[in-house]
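Quick caveat, the model's predicted, so the values are computed rather than measured. Hydrogens, waters and symmetry mates are skipped; everything else that's a heavy atom, side chains included, is used. Sequential numbering from 1 along the given sequence is applied to the chain's residues.
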Amino acid sequence: MDLHLSTPSEFPAFPYDPPYEIQTLLMRHLYESIEERKVTIVESPTGTGKTLSLLCAALTWIYDERERARKGKMKEIAGDDRLGAKDWVIEQTLERVRREMEADEKEYEEKLAQARKREEILRRAAKGRVTKRPVSSYSSQETSKKDDDDDQFLPETDQDSDESQIHISPALRALMAKVDKPSASGHFSNAEKEVFCTKVYYASRTHSQLSQVLPELSKLKLPSRPSITNHHREHDCNPTPTTRAVSLGSRKQLCINDELRAKVHDLDEACRELLGEKGGKRCKYLPQIGEEEKMLDFRDQILASAKDIEDLADAGRLAHTCPYFGSRRAIPQAELVTLPYNLLLQKSAREALGIDLKDQIVLIDEAHNLIPTLLSLSTNRLSSTTLLTSFQQVCAYVSRFKTRLSPANMLHLKWLVMFLDALKKYVEEWKDARMNRREKTEVITAAELMDKLGRRVSRINLLEIESYLKRSKVARKIAGYSEKQVERENDPAAKQQLRHTIPPLHVIEEFMLSLTNTNTDGRITLTLVNSPGQEDSVEIKYQLLNPSPKFKEVVEEARSVVLAGGTMSPISDVVNQLFSYLPAEKIATFSCGHIIPEENLQTLVVSKGPSGVELEFKADRQSDPAMIAQLGQVLSNFANMVPAGMIIFFPSYKFLNTAKAMWVKSKTMEKFKARKEIFFEPEESGQVEKVLQEYGIAARKPAEGKKGGAMLFAVIGAKLSEGLNFADDLARGVVIVGLPFANLGSPELRERMKYVKSLEEQRGSMTREKGQKDAAAELYENMCMNAVNQSIGRAIRHRNDWASLLLLDRRYETTSIRNKLPKWIGSKVVITSSFGQVVKEMGTFFRGKRL
């Protein structure tokens, strides 16, 4: 079927007419990449309407794809002329099919309209009454089960699985399934028709970032769902939503069972337990037996109007129906699914939610965080304390139930005990050997660890044990039995500890799964941890070195993958780390300029201070009094020139605190305060909002005499360096002090650098471009510049914004560093020869901005 979609020259769904040229170019690029089944990396600075452009292009393609599917179905029905059917027979058949398709779509739209009406009725009713939070009906005895029958703690495979004895409806059984394919997301009556469609999975790092997507969606002038007989695109804005959207979140965000939330430490496990309960013990927000229609009605309510996570939870409370499972049920019919990174990137999370990426569009925003996220999601930490607790709990469990466990369960649990015992003994021996040695850390491969655990353990199939743990749910059973024993012993301290910790065997389960990864892709670090007043302990950490395999599963399933960010530079680094296995023709890149006029952005490399001293803030010079004094003079001069708000980013808290202490002692801080109000990034997250509010008020305050505006000292890669909007007077000047190179003393970083260098050696040095550093050095430099670029991106936030970017360090003069700045900055960089030139350039720039 040759129905190739041509890239549109314009996008009528875009709400602003005309769009900026770079927005049209971006939308055309994205549409073509989706149609050609490519991976594309998009760099579009904040203020260029990135989210709106991405949504418009992707959803326009979705709508065009739907029309293509209709035409394909019609063509298939019309068949081959050689069949000898008369024209009037074919035409009648096509007309009948058109009417049926039209009727189905109309029926579905009417169902969503009814769902909107039901929701409005519920909202009006809720406003007319005062809703009191229900008093918890759970007692502490119910937490550990009222009955003393220990059968509940037997593995799933050793319990009676007769469905007639466990009163769970087929629909709820589908919800309970750990692996949930969309086609099995619910069992419907014969009258229920499940709608499946091509969709966009829109992922970002946090729910707060995702909350900005739906308001942008509402601006689009997407076409009404067209008549089957009308094959041209309709461009009128539909008075009711045309895009079915659903927001996915974890139980932590979506659980509305306040009683359950108040009494448990592991909400996921507690929820799964309630799914299998009988009668009144089952969660009251899940439909009762025979009431599956209630969940289907709520699903339609979710799809009838776009809801973010907070709206979804509110809707669940109004409908008295679980929004976590309701959102899962809405996935097959949704055309836009928003979700945080972790739910998309982890295979187990995708399976649990019933996400099938086959031939779908995956759009990852804020993608500069993708590689660190992939690595961190695969990092597992296991303390020697958790290891010992797990060993003791499993041994106690086996001792209690050994006469009641099936031979298969006993075999797997004995293997588990053998593994835990060997790992515990090895850690204890390692700790004793390191107590009196200077080196407190060791890095080994997974294979080396298994060898050290002994021949018997090295023959154990860890994948089989991990699969058994999931299948039997025995980790949860062991944790439950341990909690019951603590309750019986009435030990308050032990009770408190259990209430605030994840079951230790779950940590073991994740660590065991890590050990099954490809041996060369990960490393295990053992570290002796000294805690004042406590016995020394050992931390065992598994670190993934290669982010590509985990993401490869997504790339191979999806139709097209889009990585988008305000600053994705250096793009070559993203390609090398994630897509080195793909042919060049399957990868596309797009980096657009900024929408601001060129004269609104000034970028200066400041390589010398007022006294002519070269500025170079390497680690060994960050405590040099002379260098810090010179930096104080530079910033004092800037404070005199930069109007309103000025943000100064340091490479680390340590450097910032050292400089702050020296400036207080030398009275330099008083010079700053004479010009502007001074603020420092708090090290506690809870204080960030307060500091930002106070800084915002001070930055916008009209000047009084020589004093006006504010200075905010922050740290690159910390709480203020990304995701925050410092528009207009909040950042008329952004100063980057030095380069935030990572600590080469970190064993994890050294291993990662060794790994990428070994990969390059395997491929051959011919892959390196002329003048390019080796792979390890490139990785090290790229990590640094990724962090710098995010801080720089705080400055310009919309078309009429303007600011001066000041890069303080002579190393910014080098070509390799400048080439890794965002493309929208790189061509405008001015390398100054003296501090006098810096003052002159800044003076000219800011005089041009005075009203």
- Item | Neighbour count >12 (heavy atoms, 6.0 Å) for atom NZ, K431 | yes
- Are a donor atom and an acceptor atom from the side chains of D573 and Q577 found within less than 3.5 Å of each other? yes
- Message: So, taking the atom named CG in L469 and the one named CD in E510, what distance separates them when rounded to the nearest 0.5 Å?
- Response: 10.5 Å
- Message: Looking at R205 and Y341, would you say the former's side chain and the latter's main chain have a donor-acceptor pair under 3.5 Å?
- Response: no
- Message: Counting neighbours of CD on E535 that are heavy atoms of other residues, nucleotides or ligands and sit closer than 6.0 Å, is the number greater than 12?
- Response: no
- Which pair of heavy atoms, one from Y581 and one from S548, lies closest together, and at what distance? CE2-OG, 3.5 Å
- Just by distance, with hydrogens left out, do Q392 and T389 show a side-chain donor and acceptor under 3.5 Å apart? no
- Item | Flag if over 12 foreign heavy atoms under 6.0 Å of NZ, K550 | no
- Is the shortest heavy-atom distance from the side chain of T51 to the side chain of D365 under 4.5 Å? yes
- Task: Kindly say whether I331 contributes a backbone atom to a donor-acceptor pair with the side chain of K199 at under 3.5 angstrom?
- Result: yes
- Would you give the length of the straight line joining atom CD of E442 to atom CZ of R434, rounded to the nearest 0.5 angstrom? 4.5 Å
- Derivation of the side-chain contact (heavy atoms from CB on, under 4.5 Å) call for V39 and L578: CA-CA 11 Å; V39 167; L578 290 179; over 6 Å; no
- Query: What distance separates E556 CD from K358 NZ, expressed to the nearest 0.5 Å?
  - Reply: 9.5 Å
- Message: Under 4.0 Å between a side-chain nitrogen and a carboxylate oxygen: does that hold for R523 and E751?
- Response: yes
- Item | Closest non-hydrogen atom pair, I371 against P547 | CG2-CG, 4.0 Å
- Which one of L382, T525, T527 satisfies the side chain to side chain contact (heavy atoms under 4.5 Å, CB included) criterion with I540? L382
- For the pair L505 and Q393, evaluate side-chain contact (heavy atoms from CB on, under 4.5 Å) and give the outcome as yes or no after the intermediate values. CA-CA 9 Å; L505 204 51; Q393 287 186 356; 5.5 Å; no
- Query: How long is the gap from CD on E509 to OG on S467, to the nearest 0.5 Å?
  - Reply: 10.0 Å
- Message: Could you check whether K820 pairs with E781 (Lys NZ or Arg NE/NH1/NH2 to Asp/Glu carboxylate O, under 4.0 Å)?
- Response: yes
- Roughly how far, to the nearest 0.5 Å, is OG of S390 from CD1 of I508? 4.0 Å
- Counting distance only, does the side-chain N/O of Q209 pair as donor-acceptor with the main-chain N or O of S204 below 3.5 Å? no
- Query: Looking at side-chain heavy atoms only, is the closest gap between L513 and T516 below 4.5 Å?
  - Reply: yes
- Basic-acidic side-chain contact under 4.0 Å: K470, E466: yes
- Message: Testing the basics here: between R381 and T379, what is the closest heavy-atom pair and its distance to 0.1 Å?
- Response: NH1-CG2, 3.9 Å
- Tell me, please, whether F391 has K424 positioned over its six-membered ring: NZ or CZ under 6.0 Å from the ring centre and within 45 degrees of its axis? yes
- Start with the C-alpha gap between K586 and F579, add the side-chain angles, then the distance that decides, and say whether side-chain contact (heavy atoms from CB on, under 4.5 Å) holds. CA-CA 10 Å; K586 295 300 291 183; F579 308 118; over 6 Å; no
- Task: Work out which heavy atom in A776 is nearest to a heavy atom in D774; give both atom names and the distance.
- Result: N-OD1, 3.0 Å
- Task: Looking only at non-hydrogen atoms, find the nearest pair between L344 and V554 and report the distance.
- Result: O-CG2, 4.2 Å
- Kindly indicate whether the side chain of L528, heavy atoms from C-beta on, has any atom under 4.5 Å from the side chain of W430. yes
- Note on the structure: Residue set satisfying side chain to side chain donor-acceptor pair (under 3.5 Å) with D359, at least two apart, ordered chain then number -> R37
- Straight-line distance of Q253 CD to H207 NE2, nearest 0.5 Å: 3.5 Å
- Task: Answer yes if the side chains of S537 and S384 hold a donor-acceptor pair under 3.5 Å, and no otherwise.
- Result: no
- Indicate yes or no for a side-chain donor-acceptor contact from R559 to the backbone of I34 under 3.5 Å, with no hydrogens or angles considered. yes
- Item | Contact check, side chains of S652 and Q622, non-hydrogen atoms, under 4.5 Å | yes
- Considering all heavy atoms, the nearest Y653-P682 contact: OH-O, 3.7 Å
- Indicate yes or no: at least one non-hydrogen side-chain atom of L387 is less than 4.5 angstrom from one of F511. no
- Would you check if Y780 and L749 make a side-chain contact, meaning some heavy-atom pair closer than 4.5 Å? yes
- Query: In terms of the angle between their ring planes, are Y468 and H412 parallel, tilted or perpendicular, with boundaries placed at 30° and 60°?
  - Reply: parallel
- Message: Could you check whether any side-chain heavy atom of L656 comes within less than 4.5 Å of a side-chain heavy atom of F649, counting everything from C-beta outward?
- Response: no
- Query: Taking N782 for the side chain and E778 for the main chain, is one N or O donor matched with an acceptor at less than 3.5 Å?
  - Reply: yes
- Query: Do M512 and L416 touch side chain to side chain, with heavy atoms closer than 4.5 Å?
  - Reply: yes
- Verify whether one side chain among Q346 and S348 offers a donor that lies under 3.5 Å from an acceptor in the other. no
- More than 12 heavy atoms of other residues, nucleotides or ligands under 6.0 Å from NZ of K618: is that the case? no
- Task: For L375 and R752, run side-chain contact (heavy atoms from CB on, under 4.5 Å): C-alpha distance rounded to whole Å, both residues' side-chain angles, the deciding distance at 0.1 Å, then the answer.
- Result: CA-CA 11 Å; L375 295 172; R752 196 164 166 221; 3.3 Å; yes
